[in-house]
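First the structure, in the form of structure tokens, and then the observations on it.
Residues: numbered from 1 along the sequence shown. Remember, predicted model here, so these are calculated numbers, not experimental data. Order of appearance sets the numbers: ligands from 1, and atoms from 1 within every ligand.
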Amino acid sequence: MMYDYEKNKEEHPEPIKAEIKGSLPGWLQGTLIRNGPGLFSLGDTSYNHWFDGLALLHSFTFKDGEVTYRSRYLRGDTYNSNMQAGRIVVSEMGTMAFPDPRKNIFNKVITFLNHTIPDFTDNCGNNIVRYGKDYYATSETNYIRKIDPFTLETKEKVDYQKYHALNLVTSHPHYDKEGNSYNLGTSIAEKGKTKYTLFKVPSPEECSELPVALKKLEVICSVSCRSLLTPSYYHSFGMTENYFIFIEQPLKLDILKMATAYLRGVSWASCLKFQPEENTLIHVIDRKTQKEVATKFYTNAMVVYHHVNAFEEDGHLVFDVVAYNDNSLYDMFFLETLKQQKESGNSSTYCRPKYKRFALPLTDKGGETGEDLVKLKYTTASAVKEKDGKIHCQPEVLCEGVELPRINYDFNGQKHRYAYMTGVEMSSVATKIMKFDVETKKQTEWRGENCWPSEPVFIPTPDGVEEDDGVILTSVINSNPGESDFLLVLDAKSFTEIARAYVKAELHMDMHGYFIPHCK
Ligand SMILES: CC1=C(/C=C/C(C)=C/C=C/C(C)=C/C=C/C=C(C)/C=C/C=C(C)/C=C/C2=C(C)CCCC2(C)C)C(C)(C)CCC1
Ligand SMILES: [Fe+2]
């Protein structure tokens with residue numbers, strides 16, 4: 001049986017009480033919000049790519065041993081314009097929307113102008129982020145959409161460009177213990193320069209008076225792009241106590257091609273090119289000096305979407321990522337490809353993701369040319385100094401076939417032992433979730449027959465002592481006939497089931513989730 005990626009999903013804005021099997025820990029109070037695409041065709045139009053689908057938020061609220069479920073489409077300008085027109089009229093990364101052929105020439109000219117000086121989509125269907133005290137649905141364009149985290153109603157549209165010149169911003173910010181948020185974005189050909197900018201948005205306390213916390217956006221550092229018109233695509237970055245890690249990979253947006261994409265009748269995604277002949281630069285930014293460290297680190301060509309974690313140890317900066325050899329992940333999610341797979345029953349041939357660990361020496365003083373400067377005993381990752389002083393890094397592959405990594409976020413920036421991930425076996429659905437022990441390399445799994453779990457989210461026990469004191473939450477699509485979908489609660493230590501909350505509604509395959517304690 002295969003998941004039907006193309007099917008439009010219904011929203012359930014009224015709370016639905018779930019049926020609990022097992023018992024929920026009393027301390028688990030709050031709301032898990034998850035985000036992902038839910039609508040793929042409208043009128044006689046449809047999206048080409050699964051990531052393009054209209055954002056459908058859903059949430060599980062835990063209160064006094066009960067769970068309530070609700071879901072709501074994000075009613076952004078994109079959603080409203082599409083619904084009003086009864087067809088897809090706003091372009092997304094993988095789908096260029098063209099004017100209705102029945103429309104008059106005047107309308108066609110306006111649409112053309114809009115795509116020459118484009119106003120991008122606010123269909124924020126990738127993740128939930130927090131800036132100050134507010135929560136936003138986000139993808140990677142300059143628009144984010146404030147939401148009510150409890151009712152999932154759509155609020156104001158916020159434009160990063162009002163606060164800083166940013167054309168693209170990740171949907172994976174970092175947060176520190178004080179509640180500050182950190183994110184990374186790209187400014188394209190701004191005053192003749194293309195650069196990646198790291199910025200900070202202060203904690204809720206510092207922004208409490210402001211309607212939009214981004215008003216207090218502070219630039220930490222800008223990294224120049226290696227080429228003006230082909231910035232790298234990236235989806236996340238790493239942060240430790242003293243450093244940020246940004247991977248400038250050879251998966252590139254060709255801006256000139258993008259500018260003419262509409263005229264040429266192709267999508268923006270077709271202007272995204274993997275260039276394996278180029279290497280991958282690893283930028284390390286010192287948080288104290290707010291400057292890039294002088295040493296130049298690089299590795300072979302690769303494509304990374306998700307950083308797992310990063311930490312400092314004995315003069316090294318260690319970071320873990322999920323990496324691919326090419327861009328086949330994006331290609332796998334074209335709806336036509338997914339449909340063919342479903343019909344033929346064949347699984348996909350996309351490149352298997354690998355959990356890789358890199359170790360960068362922070363001091364290379366005295367290192368000889370050709371010497372491996374990594375002195376950590378527990379990793380085979382290497383960093384060899386070359387004649388020109390650059391450092392060539394080779395990772396250690398810790399395991400394969402994993403994606404959507406999460407850790408106990410209290411350990412972000414510190415040495416972690418466990419990563420929680422979905423397991424993928426050459427297919428577009430996850431068949432299991434797993435706990436991976438990076439020290440022993442032991443993998444513990446949860447799987448259910450005909451069940452497709454989502455990204456596993458770790459929630460720490462309030463008085464927890466050990467890293468894995470807590471629970472894992474994952475929403476599970478259950479394709480066993482006559483059975484309902486459910487939210488699964490696992491004990492993170494033993495990775496065994498504690499409870500299921502069965503929902504009398506069809507859950508959709510989503511991307512990422514955010515847990516807000518005590519939001520109820
Ligand atoms: C502004 C701008 C623009 C636009 C843009 C856009 C429109 C974007 C969007 C974007 C987006 C919208 C993005 C997204 C992303 C996503 C991702 C990257 C994802 C990933 C995923 C994954 C990794 C998966 C996983 C999974 C699942 C989900 C299921 C099961 C199985 C697996 C595990 C495989 C342009 C360029 C034109 C120009 C410049 C500026
Ligand atoms: Fe992501």
Side-chain angles (χ1 to χ4, degrees), residues 3 5 34-37 47 49-55 78 90-97 115 118-129 137-143 159-161 165-173 185-190 194 229 231 233-236 251-259 261-262 266-272 303-307 322-324 327-330 332-333 338 347-348 350-353 401-406 421-433 452-456 474-475 477 508-513:
Y3 178 69
Y5 272 97
R34 304 194 50 89
N35 194 356
Y47 289 115
H49 200 275
W50 185 64
F51 296 176
D52 296 342
L54 290 178
T78 300
V90 181
S91 299
E92 301 291 338
M93 191 69 181
T95 309
M96 197 58 92
H115 278 83
D119 196 16
F120 291 122
T121 174
D122 67 346
N123 175 31
C124 305
N126 196 255
N127 203 358
I128 305 293
V129 305
T138 166
S139 74
E140 294 170 347
T141 68
N142 54 306
Y143 292 120
D159 184 355
Y160 283 108
Q161 297 207 327
L166 292 165
N167 303 97
L168 293 160
V169 181
T170 88
S171 57
H172 289 282
T186 309
S187 327
I188 302 168
E190 170 72 18
T194 295
L229 292 171
Y233 172 82
Y234 53 91
H235 183 73
S236 61
L251 175 60
K252 298 182 162 182
L253 299 164
D254 187 326
I255 300 303
L256 286 184
K257 283 199 177 142
M258 279 184 167
Y262 182 75
V266 298
S267 73
W268 288 316
S270 70
C271 314
L272 188 66
V303 175
V304 168
Y305 299 101
H306 296 116
H307 280 249
V322 175
Y324 297 81
N327 195 29
S328 54
L329 173 90
Y330 188 83
M332 179 178 75
F333 279 102
L338 293 165
S347 51
S348 95
Y350 90 114
C351 154
R352 213 164 131 85
V402 292
E403 248 298 357
L404 306 174
R406 299 291 292 248
M421 302 177 277
T422 55
V424 273
E425 294 300 337
M426 309 308 280
S427 139
S428 52
V429 289
T431 48
K432 58 189 176 187
I433 50 168
W452 301 313
S454 69
E455 168 207 51
T474 180
S475 62
I477 295 171
H508 65 300
M509 187 81 80
D510 59 16
M511 298 258 200
H512 294 296

Exercise for review: Answer side chain, backbone, both or neither: which part of M93 comes under 4.0 Å from ligand 1, heavy atoms only.
Suggested key: both
Check your understanding: Quick one: nearest non-hydrogen protein atom to atom 37 (C) of ligand 1, plus distance?
Key -> W268 CD2, 3.2 Å
Exercise for review: Determine whether the side chain, the backbone, both or neither of Y233 has a heavy atom under 4.0 Å from any heavy atom of ligand 1.
Suggested key: side chain
Exercise for review: Report, rounded to 10°, the angle at the Fe ion (ligand 2) between the two atoms NE2 (H172) and NE2 (H306).
Suggested key: 110°
Point to revise | Part of L168 with heavy atoms under 4.0 Å of ligand 1, whether side chain, backbone, both or neither | key: side chain
Check your understanding: For atom 12 (C) of ligand 1, which protein heavy atom lies nearest, and how many Å away is it?
Key -> S139 CB, 3.9 Å
Review point. Hey, looking at atom 31 (C) of ligand 1, which of C271, P405, S428, A269 has the closest heavy atom?
Key: S428
Study note, to complete from the structure: Checking heavy-atom distances from atom 20 (C) of ligand 1 to each of W452, F51, Y234, F333, the winner is F51
Exercise for review: Quick one: look at E455 and ligand 1, take heavy-atom pairs under 4.0 Å, and tell me if it's side chain, backbone, both or neither.
Suggested key: neither
Exercise for review: Could you walk me through whether S428 and L338 pass the side chain to side chain contact (heavy atoms under 4.5 Å, CB included) test, one step at a time?
Suggested key: CA-CA 8 Å; S428 52; L338 293 165; 3.5 Å; yes
**Study point:** Those atoms of ligand 1 less than 4.0 Å from some heavy atom in T422
**Key:** 33 (C)
Revision key, fill the gap. Ring pair (Phe, Tyr, Trp, His ring centres under 6.0 Å) test vs F120 passes for just one of W268, Y160, Y143, namely W268
Point to revise | Protein contact to atom 28 (C) of ligand 1 [nearest heavy atom, distance to 0.1 Å] | key: D510 O, 3.7 Å
**Study point:** Shortest protein contact, atom 11 (C) of ligand 1 (heavy atom only)
**Key:** E140 OE1, 3.9 Å
Exercise for review: Angle at the Fe ion (ligand 2): provide the value between NE2 of H235 and NE2 of H512, rounding to 10 degrees.
Suggested key: 150°
Revision key, fill the gap. The side chain to side chain donor-acceptor pair (under 3.5 Å) partner of S171 among N126, T138, N127 is N126
Point to revise | Interfacing atoms of ligand 1 (cut-off 4.0 Å, heavy-atom, M258) | key: 36 (C), 38 (C)
Check your understanding: Is the closest side-chain heavy-atom distance between L404 and M511 below 4.5 Å?
Key -> no
Exercise for review: Within a distance under 4.0 Å of any heavy atom of Y305, pick out the atoms of ligand 1 and give their elements.
Suggested key: 18 (C)
Review point. Who's the nearest protein heavy-atom neighbour of atom 16 (C) of ligand 1, and how far?
Key: N126 ND2, 3.2 Å
Check your understanding: Between S139 and G125, what is the shortest heavy-atom contact and its length?
Key -> CB-N, 4.1 Å
**Study point:** Side-chain touch R34/E455, heavy atoms, less than 4.5 angstrom
**Key:** yes
Practice item. Looking only at protein heavy atoms, identify the closest one to atom 39 (C) of ligand 1 and say how far it is in Å. Key: I188 CD1, 3.7 Å
Practice item. Answer yes or no: is there a side-chain heavy-atom contact under 4.5 Å between M509 and Y5? Key: yes
Revision key, fill the gap. heavy-atom search around atom 2 (C) of ligand 1 in the protein gives F120 CE1, 3.4 Å
**Study point:** Aromatic ring proximity H172/H512, centre distance under 6.0 Å
**Key:** yes
Review point. When the aromatic ring centroids of F51 and Y330 are compared, is their separation below 6.0 Å?
Key: yes
Exercise for review: Around atom 32 (C) of ligand 1, find the nearest protein heavy atom and jot down its residue, atom name and distance.
Suggested key: V424 CG1, 3.9 Å
Check your understanding: Can the ring centroids of Y234 and Y305 be said to lie less than 6.0 angstrom from one another?
Key -> no
